[in-house]
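A quick write-up on the structure given underneath.
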Amino acid sequence: MKRILIIEDEKSLVRFIQLELEHEQFIVQSAYNGNSGLSLALSEEWDLILLDIMLPGMNGVEVCRKIRAVKRTPVIMLTARDRLEDRVSGLDSGADDYIAKPFDIEELLARMRAVFRRIELEDRQSQERIAFRGLTMDLNARTVEHHGVGVVLTKREFDLLAVFMKHPNLVQTRDMLLDQVWGYDSEVETNVVDVYVRYLRNKLDVQGEESMIQTVRGMGYVLR
């Protein structure tokens, strides 16, 4: 279940939001001033923070800035002030969204779902793209760039490089590489791995520099 932190000094509103969110199967905790809210935001992990702008002790904009200096936890600002400059101030401090009081709980839930969808999309995209020492690999588009220049790879070359990119600095034996790229039941000999590593080196190595895919004698290969 997702964990939500409410930082809001209006206790009746906090109680209302908490009951509604718990009904939606969220785990909810609350703080009633900026200082205690910031402490909770930084000391624990949250899936979303609902943050009022007008808070005793430390205002919400400052709380959001301090959170953003350390974490990327999603933040939705709650405020009774709906002026353009207030919205801009809240968003510039690092908030993901802004909702003015009074609001309908369905609107808040919709805003929360939109933030969760965006975060999940960003997570998927980050998992689909891998970067290491000037190499960038898009697993979804099956493209590779080396220092911004596209590299054309065959299917086997791409799959082999993907194994190395997903596990940098981890030694891969020839048998491990065969299993992951050609399949555990493949009848291909282990020396085919040496051939494809050579293909990758020819396409990726820079003259005068040590190869990124290094040989570990008696074991296999490693991307360093």
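The main-chain N or O of Leu40 is found under 3.5 Å from a side-chain atom of Trp46 such that the two form a donor-acceptor pair. Put simply, the side chain of Lys71 gets close to the backbone of Ala41: a donor and an acceptor are under 3.5 Å apart.
A 4.5 Å side-chain heavy-atom check between Ile130 and Leu135 finds every atom pair outside the cut-off. Looking only at side-chain heavy atoms (C-beta outward), Val197 and Gln214 stay at 4.5 Å or farther from each other.
Using a cutoff of 4.0 Å between basic side-chain nitrogens and carboxylate oxygens, Arg68 and Asp96 are scored as salt-bridged. With respect to Arg129 and Asp138, a salt bridge is recorded, a charged nitrogen being found less than 4.0 Å from a carboxylate O. Under 4.0 Å is where a charged nitrogen must lie from a carboxylate oxygen, and between Glu120 and Arg117 no such pair does.
Open room surrounds NE2 on His23; 12 or fewer heavy atoms of other groups in view lie less than 6.0 Å from it.
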Q: For the pair Glu209 and Arg133, evaluate salt bridge (Lys or Arg N to Asp or Glu O under 4.0 Å) and give the outcome as yes or no after the intermediate values.
A: CA-CA 13 Å; Glu209 296 183 8; Arg133 281 189 53 195; 5.1 Å; no

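Distance CG/Asp9 to CG/Asn33: 8.5 Å, rounded to 0.5 Å. For the atom pair Lys2 NZ and Phe116 CZ, the distance stands at 5.5 Å (nearest 0.5 Å).
Between Gly60 and Met77, the shortest heavy-atom distance links the atoms O-CE, 3.7 Å.
Not counting sequence neighbours, Phe158 has no partner by the ring pair (Phe, Tyr, Trp, His ring centres under 6.0 Å) test.
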Pairs under 3.5 angstrom only: tabulate donor-acceptor contacts from the side chains of residues 103-115 to other protein residues two or more places apart or in another chain.
unit_1 : atom_1 : unit_2 : atom_2 : d
Asp104 : OD1    : Glu106 : N      : 2.8
Glu107 : OE2    : Arg111 : NH2    : 2.9
Arg111 : NH1    : Asp97  : OD1    : 3.1
Arg111 : NH1    : Asp97  : OD2    : 3.4
Arg111 : NH1    : Tyr98  : O      : 2.6

Using residues 215-224 as the side-chain source, report each donor-acceptor pair under 3.5 Å to any protein atom, sequence neighbours left out, with the distance given to one decimal.
unit_1 : atom_1 : unit_2 : atom_2 : d
Thr215 : OG1    : Arg201 : NH2    : 2.9
Tyr221 : OH     : Asp194 : OD1    : 2.5

